[in-house]
Trainee: 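Dropping a structure here in structure tokens format, bear with me for questions.
Read the numbers this way: they start at 1 and go in the same order the structure lists the ligands and their atoms. Source: prediction; values computed, not measured.
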Amino acid sequence: MDSYVSNQLIIKLPSDQDATGRTLGQEEIDRVISAIVSGTLTSTKGTWVKQLEKDFAQLLGVKYAYACSSGTAAIHTAIAAIDPEPGDEIVTTAITDMGALTPILYQGAIPRFADVDPKTWNVTAETIEPCLNERTKGIIVTHLFGNPCNMTEICKLAKAYNLPVIEDSAQSFLAQHHGQYVGTWGEIGCFSLQQGKHITTGEGGLVITNNEALARRLFLYINKALGYEDPNPDHYFLALNYRMSELQGAVACGQLSKLPDIVKLRQSAAAKLTQKLQGLAGIETPYTDPRNTHAYWKYCLRVDSNQIRGGAVGLAKQLKEEKGIFSSPRYIQKPAFQREIFQKQRTFGNSRFPFTLAKPDALNYSYEKFPGTFEGLDKVLVLPCNEAYTDEHIDYIASAIETLARK
Ligand SMILES: *Cc1c(COP(=O)(O)O)cnc(C)c1O
């Protein structure tokens with residue numbers, strides 16, 4: 001619906017929070033009805049979650065895929081699969097969803113934050129290596145906003161130190177590095193089906209691996225460690241019920257069939273935006289390595305506050321007030337380690353566990369250690385990107401930014 005604000009035409013953009021920017025339709029309705037009519041809504045007995053796991057493994061070309069209840073559950077399951085000792089360290093990034101960090105603490109391990117490249121907002125082999133020590137148990141990389149990390153270099157480093165890599169691919173469905181999907185470079189790949197991701201079941205997650213032993217642990221962790229398909233099943237270790245229901249599985253099967261087109265449409269919308277915004281003073285369009293394909297969960301600009309008054313925050317305010325375009329300057333506002341959970345170490349009762357086991361320098365979150373993280377957050381303007389964008393939407397976004405940036 002078009003509307004007028006101070007005599008200017010405002011175009012309402014498709015939103016991933018409702019039907020305007022989601023691909024939910026007859027394919028999902030038919031499947032979910034069939035799940036309901038079958039009367040079997042648990043994945044332990046039904047067929048839809050199994051179908052989803054089979055289809056997802058096939059699409060990504062991996063041996064094993066398991067569905068679970070959220071992206072957070074996927075990350076938790078992956079960490080539980082590599083099974084750190086209490087106080088072991090997992091290297092990760094401070095620019096990510098909190099759901100990628102709290103599972104580390106739940107497993108008794110310590111997040112060791114690596115800095116990021118402020119141009120891509122991603123961790124690199126160079127920022128990870130100084131974080132490695134005798135307590136390191138694994139590395140989580142996040143392909144932020146859909147842009148792949150340099151997995152060639154990161155996997156080489158991880159191999160040299162004999163460390164497993166978990167790829168948080170929640171924002172990067174079907175993104176590729178060197179022609180290979182992200183999520184398949186490391187030992188385990190994690191995905192989210194939350195409302196705002198490329199495809200959705202409202203809440204939901206997926207984990208993938210090619211490693212048989214890890215696959216067994218992933219499956220068990222999602223299922224209270226009950227080997228319910230074994231001849232004499234038992235509860236083998238501490239684990240949760242992170243299952244996806246058949247209702248979500250049915251919706252996910254419909255969504256998955258649309259995923260390749262969704263990613264292509266987003267890439268084409270992003271390419272058009274980049275072409276229009278290229279060379280605009282004070283604005284840098286998304287940078288991706290020529291060996292990567294970016295999945296454009298979001299379309300992120302770097303805004304130079306020396307050239308654009310108020311920087312990313314100022315530009316976002318004007319975009320909202322004058323053009324009705326919603327964007328997020330600073331993405332998660334502040335690095336994760338500045339949140340109360342890390343600052344006050346609020347965990348289990350008053351124990352502060354597992355922070356009590358940490359090496360002091362793992363808890364040193366001082367500014368000098370994270371120049372890329374702080375610069376990255378200062379400059380980033382996260383704009384939405386959607387498969388439903390028409391050329392009119394793209395022209396509208398581009399000319400809004402151009403007009404405001406030139407002011
Ligand atoms: C969304 C997201 C998560 C968490 O997924 P949920 O399904 O919301 O629990 C984890 N990591 C990243 C990078 C995300 O974008």
Side-chain angles (χ1 to χ4, degrees), residues 16-17 22 52 56 65-80 90-107 111 113-114 116 120-123 138-149 151 154 165-175 182-183 185-186 188-208 221-222 240-245 248-249 251-252 255-256 262-263 266 294-300 328 330-333 335-337 339 341 373 376-377 380 382-386:
D16 61 17
Q17 300 302 299
R22 299 283 64 187
L52 168 67
F56 196 63
Y66 299 104
C68 58
S69 54
S70 68
T72 305
I75 300 278
H76 195 175
T77 300
I79 294 163
I90 307 282
V91 178
T92 183
T93 170
I95 309 185
T96 187
D97 188 283
M98 194 53 79
L101 300 174
T102 47
I104 301 173
L105 298 168
Y106 268 100
Q107 284 311 108
F113 293 103
V116 301
T120 61
W121 302 281
N122 278 338
V123 295
I139 300 165
I140 303 182
V141 302
T142 305
H143 307 291
L144 208 67
F145 306 126
N147 190 23
C149 296
M151 293 315 292
I154 291 170
V165 176
I166 296 169
E167 291 179 82
D168 183 346
S169 311
Q171 305 181 354
S172 55
F173 280 101
L174 302 188
V182 303
W185 282 84
I188 303 174
C190 300
F191 298 82
S192 165
L193 298 168
Q194 197 269 335
Q195 176 75 39
K197 307 299 158 101
H198 285 79
I199 53 172
T200 187
T201 57
E203 308 291 345
L206 285 153
V207 281
I208 60 171
Y221 199 74
I222 292 166
L240 295 159
N241 176 355
Y242 272 160
R243 282 175 206 136
M244 174 182 275
S245 83
Q248 294 159 300
V251 173
Q255 287 278 279
L256 193 60
I262 289 170
V263 174
R266 287 188 184 212
H294 193 313
Y296 290 103
W297 178 58
K298 300 288 175 189
Y299 184 88
C300 293
S328 314
R330 305 193 59 80
Y331 179 44
I332 54 166
Q333 305 311 310
F337 51 68
R339 295 288 176 186
I341 155 85
T373 301
L377 289 178
V380 70
V382 183
L383 284 158
C385 186
N386 196 275

Trainee: Can you tell me if His76 and Gln107 form a side-chain donor-acceptor pair at under 3.5 Å?
Mentor: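 Yes, a side-chain donor-acceptor pair sits under 3.5 Å.
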
Trainee: Tabulating one pair per line, provide the atom names and distances (0.1 Å) for every N/O atom of ligand 1 that is less than 3.5 Å from a protein N/O atom.
Mentor:
from, atom 1, to, atom 2, distance (Å)
ligand 1, 5 (O), Ser192, OG, 3.4
ligand 1, 7 (O), Gly71, N, 2.7
ligand 1, 7 (O), Ser192, OG, 2.7
ligand 1, 9 (O), Gly71, N, 3.4
ligand 1, 9 (O), Thr72, N, 2.8
ligand 1, 9 (O), Thr72, OG1, 2.5
ligand 1, 11 (N), Asp168, OD1, 3.4
ligand 1, 11 (N), Asp168, OD2, 2.7
ligand 1, 15 (O), Gln171, NE2, 2.8
ligand 1, 15 (O), Lys197, NZ, 2.8

Trainee: Would you say the side chain of Ile95 lies within less than 4.5 Å of the side chain of Pro335, judging by non-hydrogen atoms?
Mentor: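 No; the side chains remain at least 4.5 Å from each other.
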
Trainee: Taking the side chain as C-beta and beyond, is there a heavy-atom pair between Asn386 and Arg266 under 4.5 Å?
Mentor: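 A side-chain contact under 4.5 Å exists here.
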
Trainee: Measure the shortest side-chain to side-chain distance between Ile140 and Ile79 over non-hydrogen atoms and say whether it is less than 4.5 angstrom.
Mentor: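 The answer is yes, as the side chains (C-beta and beyond) meet within the 4.5 Å cut-off.
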
Trainee: Could you walk me through whether Phe56 and Phe191 pass ring-ring contact (aromatic ring centres under 6.0 Å, His included), step by step?
Mentor: CA-CA 11 Å; Phe56 196 63; Phe191 298 82; 4.9 Å; yes

Trainee: With ring-ring contact (aromatic ring centres under 6.0 Å, His included) as the test, would you mind laying out the steps for Tyr299 and Phe145 before giving the verdict?
Mentor: CA-CA 7 Å; Tyr299 184 88; Phe145 306 126; over 10 Å; no

